[in-house]
Every structure is written in structure tokens, then in C-alpha cells.
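Just below is one structure, and these are the notes that go with it.
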Protein chains: 2
Amino acid sequence: MTDAPVTGPRTADRADSLHARLVAGIRDIIVRGELPDGTRIPEAALCQRFAVSRTPLREALKSLASEGLVTLRPNRGAVVAPLDPPVLAEVFEAKGALERFIGLAAADRADRTDMQALESLHADLCAAAAIRDADLYSDVNAAFHERMADAAGNRQVRQIYATLQAQVRRARHAVNHDPARIAASLAEHEAIMAALRVRARLDLSERLAQHNAATAHAILAQFGTAQDGDGARKG
Amino acid sequence: MTDAPVTGPRTADRADSLHARLVAGIRDIIVRGELPDGTRIPEAALCQRFAVSRTPLREALKSLASEGLVTLRPNRGAVVAPLDPPVLAEVFEAKGALERFIGLAAADRADRTDMQALESLHADLCAAAAIRDADLYSDVNAAFHERMADAAGNRQVRQIYATLQAQVRRARHAVNHDPARIAASLAEHEAIMAALRVRARLDLSERLAQHNAATAHAILAQFGTAQDGDGARKG
DNA sequence: CACGCAAGGTATGCATGCAAAAATGCCAGA
DNA sequence: TCTGGCATTTTTGCATGCATACCTTGCGTG
């Protein structure tokens, strides 16, 4: 997702197809929070920025609209999709449903390579927490969870998860980071790794879901709406 | 993805938009199986069929590609996305993960209107089984499950579910319908309705997931690959 | 002074044109 | 007959142009 440094206008040469480059580039702009929530996106501005004509740019916007990152209003242009708390709560719920599956599947299917990658990312996460770098922590955290989704061995889930995760990352950029939450998050990650190491599938599933719910609570609280984030809790 | 703030007479999802009409039209062609798995889709043919130029048609194809219904090969055009068993197994797994959530959430949230709609669809399903109309049974079955997803009250999940369901419906058109499977499916549906009526959330969740797994098994078996379809089973 | 309305400017939606890449057919040589 | 290379044809990718819908702004009226 974040592999192409498309910040420069005409670094067009070696990238994939123009369409892929535009989608990735605009997605990056939105996920990083460079264009705030609700901003209008005039086609001309992005055309100039990426040095392309309107046709491929419009195609990219359509794709991003189906990802939910932009909203297309007929005859009225595109805006960065609003991040209102009810929708965000639904995103966390959906992500929680997938996390439960990811936990069960990853516990069964993670191979040696997966384990090494996750251990490495977990170490990075501890380091980020130690130096209290909230932005770094967020980035490593997202990478960890996407790597866990990889380990689940289901590309459909992987793609859906990435789409939902993009919304969450976007929301993270819009709120302040609470140091206490980082500490709690790290503790949850320790438990997650412990469950993964011994392949405790139900435990891993539950801990991932709870971690997601806790993150949802922390972020939604800053949006003024504290919701559970896991409406399908174990009960 | 997210609805327009106003749910008035005209919404972004209406057929008044050419883009929406094209996406829905082409999706219908593919889901109904009119264009078999792997068929090349020359732009010109669809342009003539829908009487539009290539620009909006290409935009529609990009959207469908992000839904996974078509595959875009750079400089080589679009094909109806191949339905190979491993991918289909992943689709069923992902759908199973969502069904678990849908069961938990629908048991909690289904209101009177939801219940009436589901009872009505369930009656239709029984009728379709009684007259042994396999195609009708498939259609009503899909409508029932999408209505159940509605009752879960999460539009993110609802949309992801619809996308996955489209792939399943496509696969259904590619295999023969086994009367024995219809009978078994109906029995599972009876149990699903029983659990829903008494709001047995865990029971409903489990039954939906098992129903999905059984459907997966039935369909994948005809593709020559019998897989579980619920790799994240309860254990 | 507030409100309604109309005209101009701006941005979007779609069609068309052109260049490049791939697919196809053809022919020559082995 | 088979194979390899080349030219033609087809199709895709992108740019541009035109019509239309929307937003803004200035003016007139109550």
C-alpha cells in the first residue's frame, strides 16, 4: 500500500500501471490525513499534482469511492469521506469480526516465516512504545495487524481487513494519542503474542477481538461517542 | 460506500447515475452467469450493449474489479474473474466470519420489521423447496441471508457481505443443484429461524456459520475440491 | 435591509480522438 | 509441415473537447 513515493509530480517512470499508482497515491494522501475529513477534492488539483489528465484520475476516484475513502456526490464532485462516529463504530465492529477469524486462522496456519515477522514487528512495537513515539507506534501497530492478517492465509479477508484498517488509520490521524492507551495497547499485544506462540487459537481470537474493541473505545471516545466496538462480543 | 447524508428522494445509490446503472448492470450479467467464468470482456461489446461510450464503462469495470468480479489485466483487457476453488474457499471462509458476527448482532438488534421480513422470506424459501425450484431457492436463499445481514445493523458488514455473496451466487450458477442439499439447507434454515425467534445469539451465530460451511462444502465438492469453508470453526 | 432571482463562472459527466501495446494473420525458410 | 519473424488489425490507455449541472454573485424588489 505504501510502497510508492508518489509525492513528486512526475516520478511516473517505473511504477505499475498508472491506475494503480493513482489509487495508491491518493489513498496515501487520505490515510495519512494530509487531506482532512470532508475536504473537497477538485479533479483539477489532483490532475496537476500527479501530472495526469482527468480520465485516469476519475477512474482512481471511483475505485477509492468503492473502498469508502472518498464520497462521490453526483455532479458535485468528490470529498474525502466523512469520518463520523457511527460509521467508524461500524468499521470497528466489522474489523472485530474479522479479527476473531484472523486469530483462529493465524493460530492454526502461521508458519515459521510468519512467526519471525510477527516477533520482529512486536519488538519494533515495544521499541516504539519505549521511546513514546505515538506515530511510530501507530504505524508499527498497523503493520503488525496486517501481518497477522497475512498469517491467517486468506487473501479475501486480507484485502477486506486492509480496507477497514485504512479507515482506522485515518481516524487515528484525526485524534490525539493517549500515552496511557499506548501502554494498555502494548500490554494487550504482549498477551496476543503469548497466545500466538503457544497456538492458543481461541485465546488469540478473543484477545485480538478485545484489543480491537479497546482501540475502538479509545478512538471513539475522542470523537465524543464511546461505543463498544464489538457489538458481537462473546456474551 | 457510505450513504449520502440525506436519504431523500435521490440518493447516490439510485439508478439515475449512469455509473451506478453500469456497475449494477454488468454485475448482474456476471452474477447471473450470463458471461461464464474467464470470459474476455471487450469494452466495445459492453459499450454497444449499454449504449454508452467507453469512458463511463471503463470506470464501471474498475469498480467491479475492486469488488473482485472482473480481473483487469494491464493492456490486455478485462475478463470475468476466474472462480477457482481455492479462492472460492477463501470467500466462504470470509463469509463465515461475517456470518458469525451477523448472527450475534441480528439476534440482539433485529426489530419487528426485520423479523417480519425474515419470516416472510423463510416462508418463500419453504415454498421454493416444496416445488423443488432450485433456482428460485437460490435466489430466495440469497435474499434471506442479505436480509439477515441488514438486521445486523452494520452497513459496513452489509456491503462486504453483499460482495462476498455475489461471488457465491456466481459459483452457484456454475454448478448443478443437488436436491438433497436443498433439503438439508432448508432444515438448517428452520434451525436458524428457531434460534432467531428466541434471540439465542450464540446459537444463531453458530447455526449461520455451520450453514455457510455446509453450503461451502456442497458447492466446492462440485468444483472437485471439498474443503471445510470454515477454517475458523469453533474448535 | 432582507430576500428572491437570474446571469456568469466553474467543475463535473460523457463522448471522441490519438498513440501504444497486444493479438492475429501471413509469409518465407528450414 | 512446422516454425519464426514481420506486418496488420484490434484493443486498450490516456488526453482532450463539449454539454450540462451546480455554485457564486450581483441586482432588483418588497
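Chain letters run A, B, ... following the sequence lines, proteins first, then strands; residues in each count from 1. Hydrogens, waters and symmetry mates play no part in the numbers below; they use all other heavy atoms, side chains included.
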State which residues pass ring-ring contact (aromatic ring centres under 6.0 Å, His included) with H19(A); sequence neighbours excluded, sorted by chain then number.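 ring-ring contact (aromatic ring centres under 6.0 Å, His included) check on H19(A) returns nothing, list empty.
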Output the rounded distance in Å from [atom1] ([X]) to [atom2] ([N]).
{"X": "L57(A)", "N": "dA11(C)", "atom1": "CG", "atom2": "C1'", "result": "13 Å"}
{"X": "K62(B)", "N": "dT12(D)", "atom1": "NZ", "atom2": "P", "result": "11 Å"}
{"X": "L72(B)", "N": "dG13(D)", "atom1": "CG", "atom2": "C1'", "result": "12 Å"}
{"X": "L46(B)", "N": "dA15(C)", "atom1": "CG", "atom2": "P", "result": "14 Å"}
{"X": "F50(B)", "N": "dA15(C)", "atom1": "CZ", "atom2": "P", "result": "13 Å"}
{"X": "L18(B)", "N": "dT12(C)", "atom1": "CG", "atom2": "P", "result": "17 Å"}
{"X": "E43(A)", "N": "dT10(C)", "atom1": "CD", "atom2": "C1'", "result": "12 Å"}
{"X": "R58(A)", "N": "dC14(D)", "atom1": "CZ", "atom2": "C1'", "result": "14 Å"}

Determine whether the side chains of [X] and [Y] contain a donor N or O and an acceptor N or O closer than 3.5 Å.
{"X": "S63(B)", "Y": "S66(A)", "value": "no"}
{"X": "T215(A)", "Y": "R181(A)", "value": "yes"}
{"X": "N141(B)", "Y": "H189(B)", "value": "yes"}

Ignoring hydrogens and angles, tell me if any N or O in the side chain of E90(B) forms a donor-acceptor pair with the backbone of R155(A) under 3.5 Å. yes
Given 3.5 Å as the limit, does a donor-acceptor pair link the side chain of Q167(A) with the main chain of G68(A), or not? yes
Nearest-nucleotide pick for P42(B), side chain only, options being dT12(D), dG13(C), dC14(D):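 Nearest to the side chain of P42(B) among the choices is dT12(D).
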Listing time: all N or O pairs from protein to nucleotides 18-24 of chain C that are below 3.5 Å?
from	atom 1	to	atom 2	distance (Å)
dA23(C)	OP1	R76(B)	NE	2.4
dA23(C)	OP1	R76(B)	NH2	3.0

Closest nucleotide of DNA chain D for A44(B) versus for T55(B): which of these residues is on the 5' side?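 By nearest-heavy-atom nucleotide position, the 5'-most residue is A44(B).
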